[in-house]
Amino acid sequence: MSRLASIALVLVALLAVNGCAPTPPSEPSSIEGVITAISSGSGDVLLTILVEVPDGPDAAKGFVSDKASVRITEKTRVFTIGGALTDASALERTGLGVRVWLGGPIAESYPVQAEASAVQLVP
C-alpha cells in the first residue's frame, strides 16, 4: 500500500472515531439554570438535583418550568462545558450552571419531576 493511501486510511479512521464520540443533544434543552439543591439517590438514581431558572422577565420562556427536580441515573449522559463526557459527580455542587434534557415521563407537579437523559455544565 502506498504511503499516501496509508495516510488517507488513517485520516478516515480518525474521522470515523471522532464522528462517533458522544455529544450533547442538538435539540433545545428542557431547562437551563442553576443547581440549587442536591439530594442523594437510591436504587438506580445516583442523585437528584433541583434546577432553577434565574429570575428575570420571561426567564423560563421555552422551558418546561422555572424549576425542575431532576433525577440523575447511570443512563444520564453528563457533559462538561467543552462537551466531553464526565460522570455524575461533576454535578455534586450547588451554584453550577446546567443545561438539562429530560427523558421519559414528566410529573406535572411543582417543581416538575423527571429523569435527565443528558446534562451539560454551562458557564
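Keep in mind that this is a model prediction, so the values were computed, not measured. Side chains included, hydrogens not; waters and symmetry mates left out as well; all remaining heavy atoms used.
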key: Side chains of Leu102 and Ser117 in contact at under 4.5 Å (non-hydrogen atoms)   = no

Practice problem: List the steps, then state whether side-chain contact (heavy atoms from CB on, under 4.5 Å) holds for Glu108 with Gln113. | Solution: CA-CA 7 Å; Glu108 295 182 14; Gln113 300 174 43; over 6 Å; no

**Message:** Under the criterion side-chain contact (heavy atoms from CB on, under 4.5 Å), I'd like the reasoning laid out for Leu47 against Ser40: C-alpha separation, chi angles, the key distance, then a yes or no.
**Reply:** CA-CA 5 Å; Leu47 60 115; Ser40 58; 5.9 Å; no

Tightest non-hydrogen contact, residues Ser69 and Pro111, listed as N-CB, 4.2 Å

Would a 4.5 Å heavy-atom cut-off, applied to side chains only, mark Lys67 and Val51 as touching?
no

same_hphob_cluster(Leu50, Leu91) at 4.5 Å side-chain heavy-atom cutoff = no

Linking I/L/V/M/F/W/Y whenever their side-chain heavy atoms sit closer than 4.5 Å, directly or via other members, would Ile35 and Val112 fall into one cluster? yes

_Are Phe79 and Pro22 packed together at the side-chain level, in the sense that at least one heavy-atom pair is separated by less than 4.5 angstrom?_
yes

dist Glu115:CD -> Ile106:CD1 (nearest 0.5 Å) comes out at 11.5 Å

### Message
Is there a path of hydrophobic side-chain contacts, each under 4.5 Å between heavy atoms of I/L/V/M/F/W/Y residues, joining Val98 to Val53?
### Response
yes

Hydrophobic cluster identity match, Val100 and Leu96, side-chain contacts under 4.5 Å | yes

Next on the checklist: Applying a strict under-4.5 Å side-chain criterion to I, L, V, M, F, W and Y, I'd like to know whether Ile81 and Leu85 cluster together.
Outcome noted: no

Closest heavy-atom pair, Phe63 versus Ile31, reported as atoms and distance to 0.1 Å, is CD2-CA, 3.4 Å

For residues 78-97, the side chain to side chain donor-acceptor pair (under 3.5 Å) pairs (sequence neighbours left out) are Asp87-Ser89

*asked:* Arg77 vs Trp101, test: side-chain contact (heavy atoms from CB on, under 4.5 Å). Steps then yes/no.
replied: CA-CA 10 Å; Arg77 296 175 302 147; Trp101 290 265; over 6 Å; no

Residues 22-38 vs salt bridge (charged side-chain N to carboxylate O under 4.0 Å, His left out), sequence neighbours excluded, gives Glu32-Arg99

Looking only at heavy atoms, the pair that brings Pro105 and Ala114 closest together is O-CB, 3.7 Å

Value for CD (Glu52) from OG (Ser65), rounded to nearest 0.5 Å, stands at 9.5 Å

Strictly distance-based, threshold 3.5 Å: is any side-chain N or O of Thr76 a donor or acceptor partner for the main-chain N or O of Ala116? yes

### Message
Run Ile72 and Val119 through side-chain contact (heavy atoms from CB on, under 4.5 Å) and show every step you take.
### Response
CA-CA 9 Å; Ile72 308 299; Val119 178; 3.8 Å; yes

